[in-house]
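Pasting in a structure now, in structure tokens, and then I'll have a few things to ask.
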Amino acid sequence: MGSNGIKHVRVDERLIHGQVATMWTNTIKATRIMIVDDAVVKNDMEKIALKTAVPAGVKLSILTVKGAANNINSDKYAGQQVFLIVKSPQALRGLVDAGVELPQINVGNMSTKAGSRQIKKSVSVTDENLEDFDYLSKKGIKITAQMVPSEDAVEFANLLKK
Amino acid sequence: MDYIIAAHGRYAQEVKNSCQMITGQTTNIYAVTFTEEMGVTDVLDAYTAVYSPINETAIIVDIVGGTPCNAAQMFRAKHPEVKVVSGLSLGLIIPLSLGESLEGAMLGAKENIQFVEQKVNKTTVSDDGEEED
């Protein structure tokens, strides 16, 4: 895959939490966790929680879609092992539209909301989410759903057929 | 290595459940529940029921001097090779379920008791307002 440093991409509304800090970061051997979310960048409280949750020895970036795309596209993370986490596929759509190459997308946790339907334990999607996933899939990006590393990854599209 | 975890009430079972929420299915953790109507010999029997002599085993209890701990001491009289540790917590069980050594996990669990705000300052962070390193 590309040399932009992005090793793993995860959609997880809880961002950095137990499963991510304890399991995924080790499995991926991430050297940097990158949160891409326009709202989080402006939210000091949420940023403090992220700074507390990031595992020791792992660098943390909290970036807007625009800022992340600029940094990634200027090869700032080449040679690193970046674990990119977003709350929803919308941010990923923004990155892809800005020319960022994503290796693959894994869907972890998306909570139940008004108008959403549950497609898997811990994954609920709205019509807007589905449209974004569809857009990303049509760009040729493989999308899977896997909560923890010990669980098997399933094709995201297969969950929608049920 | 196998770990029998035991505590007052359903705490041990729920520590196991909480651990699995993070790590996925565990294979080496056996929870023993100690309820009001049980005596120390009931707890001892519960240890015997889940103990497998083939595997190296430690019993991890909640507090020193409680019935789960006392029963573990009695169990040790028959099985002196079994280690008994107190201070059951999620921070202790997660690394053990992932294969960390008992000594390493105990050290980590002790460090896990901390003032959380002191940790924030040590973290390297960069966002759109700051330079990245």
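Per chain, numbering begins at 1; letters A, B, ... match sequence-line order. Side-chain atoms are counted along with the backbone in the values below, which use heavy atoms only and exclude waters and symmetry mates. None of the values given here were measured: they were computed from a predicted structure.
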Which answer fits B/Leu98, side chain, backbone, both or neither, if we ask what part of it has an atom under 4.5 Å from a heavy atom of chain A?
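Only the side chain of B/Leu98 comes within 4.5 Å of chain A.
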Heavy-atom check, side chain of A/Gln81 versus side chain of A/Arg32, under 4.5 Å
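When only atoms from C-beta onward are counted, A/Arg32 and A/Gln81 do not touch, as no gap falls below 4.5 Å.
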Any residues in residues 19-56 of chain B near chain A, with a heavy-atom distance under 4.5 Å, and which are they?
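B/Met21, B/Ile22, B/Thr23, B/Gly24, B/Gln25, listed by number.
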What do the steps show when you test A/Met110 against A/Val125 for side chain to side chain contact (heavy atoms under 4.5 Å, CB included), and what is the final call?
CA-CA 7 Å; A/Met110 295 176 76; A/Val125 287; 4.1 Å; yes
What salt bridge (Lys or Arg N to Asp or Glu O under 4.0 Å) pairs are there with at least one residue in residues 2-15 of chain B, not counting sequence neighbours?
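Listed by first then second residue: B/Arg10-B/Glu14.
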Ring geometry between A/Phe83 and A/His8 (parallel below 30°, tilted from 30 to 60°, perpendicular above 60°):
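The arrangement is perpendicular - the two ring planes meet at more than 60°.
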Decide if atom NZ of A/Lys142 counts as having more than 12 heavy atoms of other residues, nucleotides or ligands within a radius under 6.0 Å.
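Not more than 12 within 6.0 Å, no.
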Has the side chain of A/Asp134 got a donor or acceptor atom that lies under 3.5 Å from a matching backbone atom of A/Glu131?
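Flag not set: sc A/Asp134 to bb A/Glu131 has no pair under 3.5 Å.
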Shortest non-hydrogen contact between A/Ile16 and A/Ala21, atoms and distance
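So the minimum-distance heavy-atom pair works out to CG2-CB, 4.1 Å.
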Among the options A/Pro149, A/Gly57, A/Gly18, A/Ala49, pick out the one with the most heavy-atom pairs lying under 4.5 Å from chain B.
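Between A/Pro149, A/Gly57, A/Gly18, A/Ala49, the count favours A/Gly18.
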